[in-house]
Amino acid sequence: GEYIDIVFDLVSSPQRERIYVVVDPHNVIQECDENNNKMSILTSASKLHGKISVSTDMPTYSAKQNIILSAVSTNLGKLDTELSARLVVEDISGVIMKTFPSVYLGAVGPGDSRSINEEWNSGTTLSGEYVLRGILYDTQGNIVDESTTNFIITSGETGVLEASLD
């Protein structure tokens, strides 16, 4: 009649795994109910296997300027992990301006990183503050990590002041 919690310190897996536990498989202990000596549980897939960090090549852009959007994805796990990443440009209120296709990063080794770069032209986008969102996915399409950084689009050229006296 004793209950014991057991904690497994296992190398985590990005997939869900089934763990089986069998107590007294050779029937050494006499019991009135042997039906509770076997159990299995389905583990949860860990979401802590990767990290994504995003950046832009400059903090401020003018209209019709090319913006370089970058992300670095790192495997924080102890095993190779297949990952994909996607970049999304949003306005400051969360309205999506541009969603780039998901990029398959392949099997990323423990501690290794992969980079992606996308180019987006600010075109005639209204001036204001915008957000670059990076989303890192596992092979099942589950979100592993997200990261954001803000940037600004101005109505004129960055760093150029113009005046005329006509």
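Everything numeric in this text was worked out from a predicted model, so none of it was measured.
Ser84 contributes no side-chain N or O that, together with a main-chain N or O of Leu136, makes up a donor-acceptor pair within less than 3.5 Å. Of the possible polar contacts, one joining the Ser122 side chain to the Gln65 backbone as a donor-acceptor pair under 3.5 Å is found. Judged by distance alone, with hydrogens and angles left aside, the side-chain atoms of Arg114 form a donor-acceptor pair with the main-chain N or O of Ala107 at under 3.5 Å. One N or O on the side chain of Thr56 and one on the backbone of Met58 form a donor-acceptor pair closer than 3.5 Å.
Put simply, the side chain of Tyr130 does not reach to within 4.5 Å of the side chain of Asn150, judged on heavy atoms. By the 4.5 Å heavy-atom criterion applied to side chains, Thr124 and Lys64 are counted as neighbours. By the 4.5 Å heavy-atom criterion applied to side chains, Val131 and Ile92 are counted as neighbours. At a threshold of 4.5 Å between non-hydrogen side-chain atoms, the residues Thr149 and Leu132 count as touching. The side-chain heavy atoms of Thr125 and Trp120, taken from C-beta on, include a pair separated by under 4.5 Å. By the 4.5 Å heavy-atom criterion applied to side chains, Val108 and Thr81 are not counted as neighbours.
Ser147 is linked by a side chain to side chain contact (heavy atoms under 4.5 Å, CB included) to Ile52, Val54, counting only residues two or more places apart in sequence or in another chain. Remark: Glu119 pairs with Asn66 by the side-chain hydrogen bond (donor to acceptor under 3.5 Å, both in side chains) rule, at least two apart or across chains.
Listed by first then second residue, pairs satisfying salt bridge (Lys or Arg N to Asp or Glu O under 4.0 Å) with a partner in residues 90-109 read Glu90-Arg133, not counting sequence neighbours.
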